[in-house]
J.: 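What follows is a structure written as structure tokens; I'll ask about it next.
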Amino acid sequence: MMLLTDGIAFVAATFLLIEWRSLRERFLLSFALGFLCIVIGCSLAPLREAGSFYIGIWLSNSMVPLAHLCFLHGAAAFAGRRLARAWFFAPALCSALMAVPGMDAQALSLFNASCVAALSLRAAGILLGERRTNGSETQMLLCTFLFHGGFYAVKAFCAFAPGAFISLYNYTGTMIVISLFEGVLVAVALAMSIAGALRRRREHRVTLLAQSDPLTSLLNRRGFEAQAKSLLARAGKDGGALLLIDVDHFKAVNDSFGHQEGDRLLVALADYLKLKTPVDAVIGRLGGDEFVVILPRFDEAAALQFAQGLCSGFDRRVGPQHCGTLSIGCASFAAGTIDLTEAHLQADRGLYDAKSKGRNRPALDPQNLAGYQDEGPFFFPLAVAG
């Protein structure tokens, strides 16, 4: 059984190290090092039969808490959490206690099992907060650490029970057989969970690449449409507004100053939109210098007022043609809307109207302007400064 555990741990460590070299995910390296510690511990364990205490018993058993510290660090990295420094001293403390001269087998087992239980249950606690935001592999990792930590807690409790535990000196006893079998199950469960996590993260990366604009890191047209559908499905009772944003005389920027300057202008606009728009807004780059923003719960007037602030705040006037200012078309959509085609057409007509009136301004669809008076560059007092 120990040979089987050793083999599974070696294969898992090799696989995770290969994956870490390509993905550079911290949790992969931590779990790989944990499995390598298991391999070393299992490889040294047979030396106890030759009477070598410090190598066959002390060092072999010290590898177990060290492996679980690596697993704990891996769970924290997987969940995006920082691990308190105190946990890094737990294996060292356990090893120091096991190295005390004259320590009997029951005390050694108690220290070892208690440390493993604490590390495993802490890993389960970290993953507990992630179970609702991740997939089945997170739940499997959580259950594995809960089961493993609970088992070692029972193992620590039984350390001084007559005949119930093991003799670390000759590796016999009832609990050793159960422990070896449990170790095989846990190694397989961890390996399967991490493989599932890798698959999900690869799928997530592919989705991000397919739906993001490489220059600005905003959503591309495909990503924007997907996010828009998701937002409309979630916010069916609320209306909102759609803004179409275009950089004035963008072609002149590229022709006069080069495409690199044009790219820098687009990146600056993308960063500006991320900074100024609400947290729940959806921002995308449809192509070229055309950007789009969905503002949930904004009506027409609020959207136009907000667009005024964007124009004023991003007034990058370059050259004699005042290149780099913004023209914005605004349109609202009603609660229960499931398709933004009409809002997009209205915003497009508003954008054309803004450009025809001198650029560097927002505008509504001229067909929906009843009650609005054009009083110059802005229809409303400036409310959102850039």
Side-chain angles (χ1 to χ4, degrees), residues 5-6 8-42 63-92 94 114-153 182-212 217:
T5 303
D6 199 10
I8 294 172
F10 179 78
V11 171
T14 304
F15 168 73
L16 294 176
L17 284 173
I18 293 173
E19 292 295 329
W20 173 75
R21 287 188 62 186
S22 60
L23 297 177
R24 295 295 171 177
E25 293 272 10
R26 284 192 307 153
F27 81 94
L28 293 176
L29 181 60
S30 296
F31 277 107
L33 293 176
F35 280 117
L36 284 178
C37 289
I38 296 294
V39 171
I40 295 173
C42 290
M63 287 292 105
V64 180
L66 184 59
H68 286 78
L69 173 63
C70 294
F71 292 154
L72 172 57
H73 187 269
F78 177 78
R81 302 268 297 275
R82 294 184 66 87
L83 192 62
R85 293 182 180 180
W87 288 101
F88 290 92
F89 296 101
C94 179
S114 298
C115 185
V116 171
L119 293 167
S120 299
L121 292 176
R122 178 55 186 148
I126 290 174
L127 293 171
L128 191 62
E130 300 296 313
R131 71 189 190 284
R132 294 182 181 177
T133 57
N134 288 278
S136 57
E137 68 281 349
T138 304
Q139 298 179 14
M140 188 170 180
L141 271 176
L142 169 62
C143 293
T144 301
F145 280 120
L146 275 176
F147 171 78
H148 193 53
F151 175 80
Y152 267 82
E182 189 266 352
V184 171
L185 293 179
V186 168
V188 171
L190 285 177
M192 290 177 60
S193 301
I194 299 166
L198 282 174
R199 175 186 57 80
R200 179 176 290 271
R201 294 201 174 192
R202 280 200 184 96
E203 292 174 353
H204 182 64
R205 285 188 175 189
V206 170
T207 300
L208 288 179
L209 288 173
Q211 294 187 350
S212 63
S217 298

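Numbers for residues simply follow the sequence, beginning at 1.
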J.: Kindly state whether the ring of Phe71 and the ring of His68 have centres lying under 6.0 angstrom apart.
T.: yes
J.: Can you see which heavy atom on Ala124 is nearest to which on Leu142, and at what distance?
T.: O-CD1, 3.1 Å
J.: What are the two closest heavy atoms between Pro65 and Cys115, and how far apart are they?
T.: CB-SG, 3.7 Å
J.: State the CD1-CG distance between Ile38 and Leu33, to the nearest 0.5 angstrom.
T.: 12.0 Å
J.: I would like to know whether Leu185 and His148 meet side chain to side chain contact (heavy atoms under 4.5 Å, CB included); could you show each step before the answer?
T.: CA-CA 10 Å; Leu185 293 179; His148 193 53; over 6 Å; no
J.: So, do Phe27 and Ile194 sit near enough that their side-chain heavy atoms are less than 4.5 Å apart?
T.: yes
J.: Taking everything shown except Phe89 itself, do over 12 heavy atoms lie less than 6.0 Å from its CZ?
T.: no
J.: In residues 8-16, what donor-acceptor pairs under 3.5 Å come from side-chain atoms, sequence neighbours left out?
T.:
| from | atom 1 | to | atom 2 | distance (Å) |
| --- | --- | --- | --- | --- |
| Thr14 | OG1 | Phe10 | O | 2.9 |

J.: Could you tell me if the side chain of His73 sits less than 4.5 Å from the side chain of Trp87, heavy atoms only?
T.: no
J.: Find the distance between CZ (Phe147) and CD (Glu182) and round it off to the nearest 0.5 Å.
T.: 5.0 Å
J.: Looking only at heavy atoms, which two atoms of Ala189 and Ser193 are closest? And how far apart?
T.: O-OG, 2.8 Å
J.: Drop me the distance from Met192's CE to Leu190's CG, to the nearest 0.5 angstrom.
T.: 11.0 Å
J.: Starting at CG of Leu128, measure out to CG of Leu121 and round the result to the nearest 0.5 Å.
T.: 11.5 Å
J.: Could you tell me whether the side chain of Phe78 reaches within less than 4.5 Å of the side chain of Leu127, counting heavy atoms only?
T.: yes
J.: To the nearest 0.5 Å, how far apart are CG in Leu72 and CZ in Arg81?
T.: 10.5 Å
J.: Tell me, please, which residues at least two apart from Phe145 pass ring-ring contact (aromatic ring centres under 6.0 Å, His included).
T.: none
J.: If you round to the nearest 0.5 Å, how far is OG1 of Thr144 from CE of Met140?
T.: 5.0 Å
J.: Please, which pairs that meet salt bridge (charged side-chain N to carboxylate O under 4.0 Å, His left out) have at least one residue in residues 20-38, sequence neighbours excluded?
T.: Glu25-Arg201, Glu25-Arg205
J.: Which atoms form the tightest heavy-atom contact between Ala123 and Ala75, and what is the distance?
T.: CB-CB, 4.0 Å
